[in-house]
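Order of listing sets the numbers, starting from 1, for every ligand and every atom in it. Nothing here was measured: the structure is a model prediction, and the numbers come from that model.
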Amino acid sequence: MIQKLFKGGLVADGTGSALARVDVAIKDGQIVDVGNLDVSADEVIDITNLILAPGFIDIHTHSDLTLLSNPLAQSKIRQGITTEVIGNCGFGVAPNPVGEASDLLRAAVAYLDLDPEIKWDWTDLAGYLKVLEKSGTSVNVATLVGHIPIHASVVGFGKDPATPQEIKKMQELLRENMSAGAFGFSTGLNYSPVSYASQEELIGLATVVKEFDGIFACHMREYGDDLMKSMNELLSITRATGVRTQISHLVTFGKRNWGSVSRALELLDQANQDGFEVDADVYPYIAGNCPLTQLLPYWAQEGGDTVMRDRMKDKSARPKIISHWIESEVIWSNIQIANVIPGREDLIGRKISDIAESLSIEPDILALDLLGDMGNALGIIAFGRAESDVKSVYAHPRSIVGSDGQSLDPNGVTGSGSPHPRSYGCYPRLLSGYTGTPGISIERAIHISTQAAANKLRIKDRGTIKIGNKADLVAFNPLEIRDLATYEQPQQFPIGIPHVIVNGEFAIRDGLHTEKLTGEIIRF
Ligand SMILES: [Zn+2]
């Protein structure tokens, strides 16, 4: 007997084909029939006026820790996201070295770490996944292994390049953790300490990823003046190893660089023409989100969080950092505080320039003081992208949607700060505001949110509405779907998405969370 029959809606099957008015039947967590179905079912769900699509696969997220505090995955599931890929940008929580090194690792990923109650009582990815599985989640979770925990476990937080023996050790550690079912590896080449990784180290690790046929996801070194240089650095690793490559959040930063994303896409095209597999993810916003430490020159980030914070107070270091900021044209009125340490909540949601003005100090001085106090826990939202660049990436055939956000719950511990609205609104924003632009039809917007991500990850049984696939589905009203999260009021769920089904069960029904932990860990 069919358990659930979705009737009367338009189906976008995820492949990019035109919408079709067909019914979809599910049973035991799977799609068992698609067509004009005249069958009886335990439950018939009338979805007239709605579009039924595969659940969105968010290929780029940072919910590694927040899912443990927020198993209901509130801000993600309500967007129609049914699978999250965690462990991006080199950040990760496993392997977790023992003792002081673990504290240093935790400090290095502080801007993702919103709940001090979470005990890091795992030592490797298999252990972490067990903890997550035990806690349960409403979304499915797939993971990458982050470069920072691998590098920090073997080399530490200094700037000296790894020795050949250390590279070998990192390769072993990566192999071990990939074996727990990771879909690939991620690096973040402007984050300390992996910003100090040599080309030998990167190629050595990419070689291991290639052995597993996983993806090599890269937050590149620079997205502003040196975008082309950064693309060439990444593609040289792709070309040397043949590793399947995912460029993280491809856009251009800084007004003087707007438009150069088209040249980056030409390099991506060239690599694909030469037989390599290179794709890019992107989220539909003109601001990014990172720790403020990302604006520091590399030398100033060396040594781990405490050493770095002490350096911010060092009178000889401060003028050098300020000249770096002047040279790179940092605009403090474009930088808004997202997350702080307890006790500094008065700063949340404010621009650095405004805070400086109210205190009658120079914004550069204020920024150094704040970094000295909060280090990597100081999260910012940085404006500086052009919408036309974002749209040209979306129009490119190799683009995939990735929110770069976190599963957050406005009513829980993860509801602190003033997060980037992408954590609440990425997919509805794409499906409302960005459709209708040339090259971005609703069918294509759904395709790059579903099958394109599944294909990249080699997930065979999700991402399309097809008989035999897992029943991960989202039903939304194309006229009503809309993101409500803004930079000023980010903690707002989208509207127009009445149903979200994960593994055949309702996670969202009639717009309400069923509070069921419908997700599972997906292993490669
Ligand atoms: Zn990221």
If you measure from the Lys or Arg side-chain nitrogens to the Asp or Glu carboxylate oxygens, is any gap between R422 and D404 under 4.0 Å? yes
With carbon and hydrogen excluded and only N/O/S kept, which atom of D404 is nearest the Zn ion (ligand 1)? OD1
Of all N/O/S atoms in H62, which lies nearest to the Zn ion (ligand 1)? NE2
What class does the angle between the rings of F524 and F183 fall in, given that below 30° is parallel, 30 to 60° is tilted and above 60° is perpendicular? tilted
Backbone or side chain, does H249 get an N/O/S atom under 2.8 Å to the Zn ion (ligand 1)? no
Counting C-beta onward and ignoring hydrogens, is there a side-chain heavy-atom pair between Y223 and S248 closer than 4.5 Å? yes
Taking the six-membered ring for Trp and the full ring for Phe, Tyr or His, determine whether the centres of F91 and Y111 are under 6.0 Å apart. yes
